[in-house]
Asks: 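I am attaching a structure below and will ask some questions about it afterwards.
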Protein chains: 2
Amino acid sequence: MARSTKSPKSRITPRSSSTGRGPGRPAKFNRETALETALQTLWKRGYVGASASALSDAMGIERSSFYNTFLGREALFREILKLYGQITPDRPLGQITLGQAVTPVVEKVFRDVCRVRAADPESKGCLMVNSIVMLVGNDPALAPEIVGAVQRQIQVFEALLQQAARQGEIPVPKDMRAAAYTLTIFLIGLNVISKVENKEAVLWASCRHQLSNLGFQIKK
Amino acid sequence: MARSTKSPKSRITPRSSSTGRGPGRPAKFNRETALETALQTLWKRGYVGASASALSDAMGIERSSFYNTFLGREALFREILKLYGQITPDRPLGQITLGQAVTPVVEKVFRDVCRVRAADPESKGCLMVNSIVMLVGNDPALAPEIVGAVQRQIQVFEALLQQAARQGEIPVPKDMRAAAYTLTIFLIGLNVISKVENKEAVLWASCRHQLSNLGFQIKK
DNA sequence: TGATTATTGGTCACTTCTGTACAAAACACG
DNA sequence: CGTGTTTTGTACAGAAGTGACCAATAATCA
């Protein structure tokens with residue numbers, strides 16, 4: 001492999017260019033902006049397909065600055081995953097409070113997923129789902145983080161279904177775990193197929209069908 | 001990129017070692033066996049992660065023989081995709097004849113997917129699904145083949161649902177297209193999540209749930 | 001202003017990958 | 001047994017990637 005497996009020598013935490021000022025030469029780039037660019041690049045090309053050079057080029061910085069600031073591809077990717085977790089369209093699912101109606105949130109999230117994925121001209125799909133496929137089973141260092149995220153997603157869906165059932169929004173599923181898995185599986189599949197089918201209406205029709213089948217009352 | 005994008009010079013079709021005998025030095029390897037090995041390697045590491053060297057090494061042949069026999073990574077991958085199409089557990093879906101009961105085939109296919117994916121110690125998932133994620137949007141040469149396969153899968157599900165409805169096995173779906181998409185999406189998601197969850201019973205419980213919701217009568 | 005400090009820009013040494021070229025090897029056939 | 005044919009082994013030239021190293025630069029701070 002041209003992309004070697006050895007990890008960069010760990011270093012004292014860099015000042016991180018945009019975090020206020022201090023002694024030393026100022027960085028020529030904005031850390032947040034660079035991170036955003038890195039997110040786009042890693043999302044589009046995947047962790048495997050985005051080299052340190054490609055990332056540095058995209059960010060408009062030298063490779064030396066790249067290593068100095070982000071400590072390497074792996075560390076950067078972990079940071080990117082956190083960042084992605086804050087902008088992913090399914091984020092609201094994990095923020096439902098007790099007593100709150102579940103259905104509108106679920107509907108909105110699936111609608112948003114359809115809208116956002118269909119609107120992406122690059123059809124990048126979901127970074128997390130892409131990462132499952134590319135890294136689990138091939139990258140022992142990063143896989144655990146990905147696997148953990150999936151398991152949390154399942155738990156979120158399970159809690160959410162329980163709440164919806166308790167609040168009478170849906171009939172009580174015979175097998176709560178299975179229902180939670182079903183939703184997770186569907187959401188994953190939806191993100192994948194959005195790379196092939198980019199018509200929002202088609203995607204949403206399928207979501208409507210799926211959510212209705214689970215007992216959610218989706219308005220026309 | 002270390003993995004350049006230029007394609008190898010096209011050549012006169014090689015004799016393909018195991019196809020009978022003829023003049024010239026005999027190949028030291030069996031083409032079918034080598035293809036099987038290449039399938040495993042490409043399946044495990046993905047098209048992006050499997051270099052010509054890695055493939056040659058796995059097959060136990062020199063890189064010169066690799067290029068001579070398979071003409072390069074891309075041509076090999078196309079061949080591998082065809083091969084995979086013949087061993088994929090969902091193959092029977094496309095072979096249902098008119099008048100034949102749909103439900104048992106659908107049930108068996110999903111059962112088989114759960115069984116096969118859960119039994120795979122390497123959790124490779126589905127080569128086709130993995131390829132959607134890794135290649136669509138990033139490899140203009142190979143993407144069309146993948147996209148076509150997905151579209152055919154959707155059509156297969158649509159025809160199959162129509163037949164099932166006509167034969168009274170399931171209630172007529174309000175939106176046939178949406179139902180077909182739903183099944184496709186679920187099958188894709190199932191293959192992805194099998195990389196994270198390898199307990200057959202868990203996977204199958206979710207399939208049961210999903211198929212029941214679509215109206216299929218699944219036996220306990 | 002001088003000491004301190006962090007980023008930059010460039011280079012080094014190394015690995016892996018790419019596709020091509022060609023002589024040597026090993027067979028079939030007349 | 002020589003001729004033709006095909007695969008093999010090895011080498012080549014070039015591209016791209018890896019992380020480390022270090023002098024120059026450009027700030028802050030005393």
Asks: To the nearest Å, give me how far apart CE (A:Met59) and P (C:dG9) are.
Replies: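 Between P of C:dG9 and CE of A:Met59: 15 Å.
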Asks: Can a donor-acceptor pair be found, under 3.5 Å and without considering hydrogens, that links the side chain of A:Thr41 to the backbone of A:Thr37?
Replies: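 Such a contact is found between A:Thr41 side chain and A:Thr37 backbone.
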Asks: Nearest to the side chain of A:Ala52 - D:dT18, C:dT18, C:dT8?
Replies: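 The listed nucleotide nearest to A:Ala52's side chain is D:dT18.
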Asks: Quick one: does A:Glu197's side chain have a donor or acceptor within less than 3.5 Å of a partner on A:Lys199's backbone?
Replies: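 Here the side-chain-to-backbone pair exists.
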Asks: Starting at CZ of A:Arg45 and ending at C1' of D:dG17, how long is that distance when rounded to a whole Å?
Replies: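 Atom CZ in A:Arg45 sits about 12 Å away from atom C1' in D:dG17.
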Asks: Can you tell whether the side chains of B:Lys195 and B:Glu122 come within less than 4.0 Å, N to carboxylate O?
Replies: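 The answer is no: the pair does not qualify as a salt bridge.
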Asks: Mind calculating the distance between CG (A:Leu55) and P (D:dG17) to the nearest angstrom?
Replies: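 To the nearest whole Å, that distance equals 10 Å.
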Asks: Take atom CZ of B:Phe70 and atom P of D:dT6, then tell me their distance rounded to the nearest Å.
Replies: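 Rounded to the whole Å, the gap is 17 Å.
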Asks: Could you give the CZ-to-C1' distance, from B:Arg63 to D:dT10, as a whole number of Å?
Replies: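 These atoms are roughly 11 Å apart.
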Asks: With the side chain of B:Asn68 defined as its heavy atoms from C-beta on, choose the nearest nucleotide among D:dT8, D:dT18, C:dT8.
Replies: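 Of the candidates, D:dT8 comes closest.
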Asks: In whole Å, I'd like the distance from the CZ atom of A:Phe29 to the C1' atom of C:dA6.
Replies: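 Between C1' of C:dA6 and CZ of A:Phe29: 11 Å.
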Asks: Using whole Å, report how far CZ of B:Arg25 lies from P of C:dA25.
Replies: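 Distance check: B:Arg25 CZ to C:dA25 P gives 9 Å.
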Asks: Tell me whether the OP1 or OP2 atom of D:dT7 has a side-chain N or O from B:Ser65 closer than 4.0 Å.
Replies: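 No, no such contact exists.
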Asks: Contact between A:Val136 and B:Ser123 at the side-chain level, heavy atoms closer than 4.5 Å - yes or no?
Replies: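 Not touching, per the 4.5 Å side-chain cut-off.
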Asks: Can you identify which nucleotide, out of D:dT8, C:dT8, C:dC27, has its nearest atom closest to the A:Lys28 side chain?
Replies: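 Nucleotide nearest to A:Lys28's side chain: C:dT8.
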Asks: In terms of the nearest nucleotide of DNA chain D, which residue is placed more toward the 5' end: A:Ser64 or A:Ser53?
Replies: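 Taking each residue's closest nucleotide, the earlier one in sequence belongs to A:Ser53.
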Asks: Compare the minimum distances between each of C:dA26, D:dA26, C:dA28 and the side chain of A:Pro26, then state the nucleotide with the smallest one.
Replies: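 Of all the options, the side chain of A:Pro26 is nearest to D:dA26.
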Asks: Atom CG of B:Asn30 and atom P of D:dT7: how far apart are they, to the nearest Å?
Replies: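 Spelled out: CG on B:Asn30 to P on D:dT7 is 14 Å.
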Asks: Short question: side chain of A:Thr184, backbone of A:Ala180 - any donor-acceptor pair under 3.5 Å?
Replies: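 It does hold such a pair.
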